[in-house]
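Read the structure below first, then the notes.
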Amino acid sequence: MASNWDFETDVLVIGSGSAGLAAALSARDRGVDVTILERSDKLGGTSAVSGGLPWVPNNHHMAEIGASDSREEALAYLKRLSAGKADEELCETYVDTAPDVIKFLEDRTELEFVALDIPDYHSELEGGKTGRSLTARVFPAGGLGDLRPALRMSPHFPFPVSLADVTDGKVNLFDPQVIADRLERDLVGTGHALMAGLIKAANDKGIAFRLGVRAKRPVMEDGVVVGIEVEEGGATRRYGARRGVIIASGGFEWNDELLKDFVYGPTPAPISPPINEGDGLCIAIDAGAELGNMSETHYHASMRIPGEEYEGRQLNRLTSAERHSPGAIMVNGKGRRFVNEALSYHDVCLAMRTHDPQTFEFPNARAFVIVHGGYLEKYTFLTRMPGDPVPSWLTSAETPRELAAKIGVDPDGLEETIATFNANAAKGVDPEFRRGTNEYDRYYGDPDREGAFRTLGPLDTPPYYACEIRVGTIGTRGGPRVNSQAQVLAKGGGIVPGLFAAGNAMAAFFGMSYPGAGGTIGPALTFGYIAGQTAAGGSNRF
Amino acid sequence: MPEVKTAREVRVSPSQAWSFVSAMDNWAPLLTGYVDHRVIDDVHSEWTVRGELAGLSRVAKFAVAITEWNEPDAIAFRLEGLDEPFTGSGRFAIGTGELPDQVAESGEPARRGLFARLVAWITRFLIGSRKPDRGAPQAPGAAASRLSCTLEVLAHGGSGPMVNLLLPGILEAVASDTADRIVSALEAKA
Ligand SMILES: Cc1cc2nc3c(=O)[nH]c(=O)nc-3n(C[C@H](O)[C@H](O)[C@H](O)COP(=O)(O)OP(=O)(O)OC[C@H]3O[C@@H](n4cnc5c(N)ncnc54)[C@H](O)[C@@H]3O)c2cc1C
């Protein structure tokens, strides 16, 4: 068997995001030695900068908010959304295991989860529900001790707030004193809370973290993965893994070549930190893995503030109020609406990726959010809050025609679009795209308004403003295919012994769909957990 | 209003310190995050800086107007955000003698109340429990001038109250690093 290792462990986990930490914790729970490799100098990955919500059907917290669920309903919902592309066996594994993973995490870490009243993104379809999205409560990050400075911080969610606070309704989150007190106590929210809780538990249980170590190639013997060749401090080293290597290194959204080769349509702008370049995918390919779901990503319509960078790269921001609030629409280059703007961030991008074979263009890929003065008085727009001066990155004009000319959009189209939208919105209807008819459309709209008016409202107060919106991604989701034990499947059939995958690094099993808030972290935690369990239970290879 | 004060001993004469500080072009590039500046007239200038917090950096443009010009020992100015809603003011003073105790000992900004606690938090957030590296202590008696700088900035608008929570940490880093660079540049010239 292979020798000359620079380092040995039982289970080697590549990546310190939610998939990696869940894998490490479940492997460690079975008494084996676990080491996590992290290429950057920060722990937590995209998971730490995220909202931190896992989507977990049939979870035990649903009852606390008066919701109910069943295995059958969850599977019916996933099947309905799959467009025939879901892996039904893995969907079953997921629905059957995910609730136990949440219980496991609550038992083995200090995390507390709460069910949210966010509807599934298609709660109107068969099996759709409210209550499957969970959040962790705020977490005291100071408990990380020496690892505290290494916790990756989010450019998207800088304040210590959990959506559980909103559900609880006990604290006024707009009170600076509340936030200041939380900052002082070093509480963290959103993805920081999830990852701080997981990292603290891992650290307490003796799981080793090795930062600045980039996994590059599998070390194989007789077709078995027994270790990983890494880059560390400018040198190549060999890390041996007696029981298995778990790829949890995120997607390949920061690798332009892989995106160009595999992902159909306009290249999506990555919203994740610039750390996921598909190294895990390359390792899996080297090891002979079968790939799946390569053309799909978790899309998120995104916008940019010029000059804003995260770790030296342009920051792409999430969008929500800018699409859901009354007085906001999205138009393409013809000045025409092309989608129900209040659909989920993922589904909006599916419309932005539509191809017109007649013109051989992606006519909606270059799109703009258009709002009016009344919008800015009441709602946030990216980092601009009501009352702030209008920033220079919003193009403004007194009339829709002038605005269209400034942003290079057809003026007749924009004028007509706004006139038609306004006439309908005043009546609370959207005959073209049925915006406002679903529970989810209204969820992120204006809570002071009723029914479809939560998201529908005319653009009738000059000036008018525009900001470009583009196809973005919070992570790719193609990679090595796995079985229900998270073992990587081999090209020619069977498995690649010793190799496991979880999170965005593995082939997602939902196909092209994004079922609800938490639709990536839920599976990442679940398949991470399964991978850790299987790897730890395997035989000792050297 | 979030405010930082920082002071440094510098081994040059007060008149050398004044001639350096009074010419903006000398020290502008030493400002943390400096991108560019444009002198409009004797009193007015426009600045672009890149501010950073925990990996996120953002460009801010602001206008500066000189409000006090007391040769040879003080310059005060007012600043106002051009794209973002903030206002503020600052002062450079050149003196002789000992640094005020608190500042001389710790090299850290004056801290009060809520903001003091926030500075502590932000410092931990940015650099963990390490103390910032202030360089080697200077030999007693070597200093010939004392350069002090006060900077206060207040964010307004809807996002103001929250941004003000993050400002002290940013200001501390800016004031302290800039002061260190000015001292090095001054002493190198002397
Ligand atoms: C702003 C934002 C908000 C989001 N909100 C949510 C949400 O609320 N719910 C949800 O479900 N999803 C959300 N997502 C998506 C979600 O964060 C990701 O899909 C998920 O975190 C992926 O988890 P992961 O463990 O697979 O990868 P990651 O969390 O990205 O972790 C991968 C880690 O592997 C490391 N790595 C990469 N290559 C190597 C290598 N060669 N060697 C060693 N280490 C390596 C990376 O540095 C990284 O730390 C959000 C995303 C963003 C950007």
Side-chain angles (χ1 to χ4, degrees), chain A residues 40-42 49 141-142 144-156 158-161 173-188 192 273-274 305-315 376-380 383-394, chain B residues 1-2 33 35-36 46-63 80-87 111-132 154-170:
Chain A
S40 71
D41 63 351
K42 294 277 181 283
V49 309
L144 291 174
D146 288 348
L147 288 179
R148 173 65 181 98
L151 178 65
R152 183 174 286 284
M153 298 310 287
S154 176
H156 306 281
F159 294 105
V161 170
L173 297 172
F174 294 103
D175 179 354
Q177 188 65 48
V178 168
I179 303 297
D181 287 343
R182 287 184 171 196
L183 291 175
E184 190 202 351
R185 286 157 54 208
D186 204 8
L187 295 178
V188 291
H192 300 135
I305 296 177
E308 245 192 353
E309 291 180 355
Y310 183 72
E311 296 191 344
R313 306 293 287 267
Q314 169 69 49
L315 180 71
L376 290 192
E377 275 172 32
K378 191 154 188 210
Y379 311 117
T380 57
T383 56
R384 186 217 175 254
M385 304 272 281
D388 289 356
V390 177
S392 57
W393 41 263
L394 276 180
Chain B
M1 184 179 296
V35 176
D36 62 36
E46 268 181 26
W47 294 67
T48 308
V49 295
R50 179 174 281 282
E52 191 186 330
L53 186 66
L56 172 68
S57 75
R58 190 163 169 152
V59 167
K61 285 182 191 295
F62 55 94
E80 187 174 353
L82 294 175
D83 261 351
E84 317 267 353
F86 64 84
T87 53
R111 296 174 170 183
R112 288 188 305 272
L114 174 63
F115 291 116
R117 293 184 280 129
L118 284 169
V119 168
W121 174 80
I122 297 268
T123 310
R124 200 165 60 226
F125 173 53
L126 290 172
I127 59 170
S129 51
R130 284 179 292 125
K131 279 257 169 234
L154 185 69
H156 307 274
S159 49
M162 293 299 172
V163 174
N164 285 329
L165 295 177
L166 299 177
L167 271 175
I170 300 172

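The sequence lines fix the lettering, A, B, ..., with proteins before strands; numbering per chain opens at 1.
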Requested in this report: State which residues pass ring-ring contact (aromatic ring centres under 6.0 Å, His included) with A:F159; sequence neighbours excluded, sorted by chain then number.
Outcome: none

Query raised in the report: What distance separates B:D83 CG from A:D388 CG, expressed to the nearest 0.5 Å?
Result: 11.5 Å

Report task. Heavy-atom pairs under 4.5 Å with chain B are the metric here; pick the option from A:E309, A:E311, A:E308, A:K42 that has the most. Result -> A:E309

Report task. Report the distance from atom CD of B:E84 to atom CZ of A:R384, rounding to the nearest 0.5 Å. Result -> 11.5 Å

Query - CZ-OH distance between B:R58 and A:Y310, expressed to the nearest 0.5 angstrom - result: 16.0 Å

Query raised in the report: Is any side-chain heavy atom of A:M385 closer than 4.5 Å to a side-chain heavy atom of B:M162?
Result: no

Report summary line: Between the CG atom in B:L56 and the CE atom in A:M153, the distance rounded to the nearest 0.5 Å is 11.5 Å

Query raised in the report: If you tally heavy-atom pairs under 4.5 Å against chain B, which of A:L315, A:T383, A:V390 wins?
Result: A:T383

Report summary line: For A:A180 and B:L165, the nearest pair of non-hydrogen atoms, with its separation, is CB-CD2, 3.7 Å

Report summary line: Honestly, the part of A:L151 sitting under 4.5 Å from a heavy atom of chain B is neither

Query - chain B contact via A:L173 - which portion, at a heavy-atom distance below 4.5 Å - result: backbone

Query raised in the report: Taking every heavy-atom pair that is under 4.5 Å apart, which of A:P391, A:G307, A:A141, A:G387 has the most such pairs with chain B?
Result: A:G307

